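Everything numeric here is computed off the predicted structure, so don't read it as measured data. Both counts, for ligands and for their atoms, begin at 1 and track the order of listing.
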Amino acid sequence: MTRLILLGPPGAGKGTQAKRLSASLGIPQLSTGDMLRAEVKASSALGLKVKAVMDAGKLVSDDILIDLIAHRIDQPDCRKGFILDGFPRSLPQAEALDRMLGERKAKIDRVIELKVDVEALVERIVGRFTCTKCGAGYHDKFHRPKKDGVCDQCGGTEFARRADDKEEKVRTRLDAYTAETAPLLPYYKGRGVLATVDGMASMDAVTRQMSQAIGTVGVA
Ligand code: AMP
């Protein structure tokens, strides 16, 4: 059983690393950002409710997120564990998660902090884009497709950028991280489950450090 949380500011590489760990550990990546974006795209009642807040780069209310995750972790694919990417993002969310897991006789095994240089984040975020067909991630400067306009993974030719990846929205999201999410680091440190990895290292090196951090609790 492996229940993991990835913590770090927007652009730290949580999504990229969660996808890699998900493939190697065989447990799902639960990205609350992806779930909410899917609701917005489908114009569901929830999507309509959260769209403006997300577009502004602000945090959606705790009760919405807690409901979303409570429902998701009861799905059969989470039986062997899961990787939380983007949740919890505030102390009330972390406390609700502890309660939820406690009721299920479960707990978080490891929280991995991706530590990054905040100045580098804006550049990382504003340049990123993904293939709309397979979700592969690219970057204008650091990781262009081998052939311009064609996805390396699936050959798709359509790409998308997130509405909240514009510079002024990124600044708001970084402020939200500092104010609401950073206090989770001492919270999990106090529980003895926090591991910190250098998020500025190469993607492969980060993956290796994360696997080690998971291995040290004997859950990998
Ligand atoms: P992300 O893809 O993780 O950067 O999330 C994109 C946006 O979704 C955030 O800027 C928030 O508006 C919203 N969001 C995702 N997860 C949460 C959460 N746990 N709490 C509050 N808002 C969230």
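- Applying side-chain contact (heavy atoms from CB on, under 4.5 Å) to Ile5 and the options Val111, Ile83, Asp109 leaves one that passes, Val111.
- Phe142 and Val118 fall into different hydrophobic clusters, where Ile, Leu, Val, Met, Phe, Trp and Tyr are joined by side-chain heavy atoms under 4.5 Å apart, directly or via other members.
- A donor-acceptor contact closer than 3.5 angstrom links the side chains of Ser90 and Asp62.
- Salt bridge annotation for Asp165-Arg173: present, with a cationic side-chain nitrogen under 4.0 angstrom from a carboxylate oxygen.
- In this structure, Phe129 and Phe159 have perpendicular ring planes: the angle between them is above 60°, well past the 30° mark.
- Protein residues having at least one heavy atom under 4.0 Å from any atom of ligand 1 are Thr32, Gly33, Leu36, Arg37, Met54, Lys58, Leu59, Val60, Leu65, Gly86, Phe87, Arg89, Gln93, Arg162, Asp164, Arg173, listed by chain and number.
- Taking 4.0 Å as the cut-off between side-chain N and carboxylate O, Asp175 and Arg171 do not count as a salt-bridged pair.
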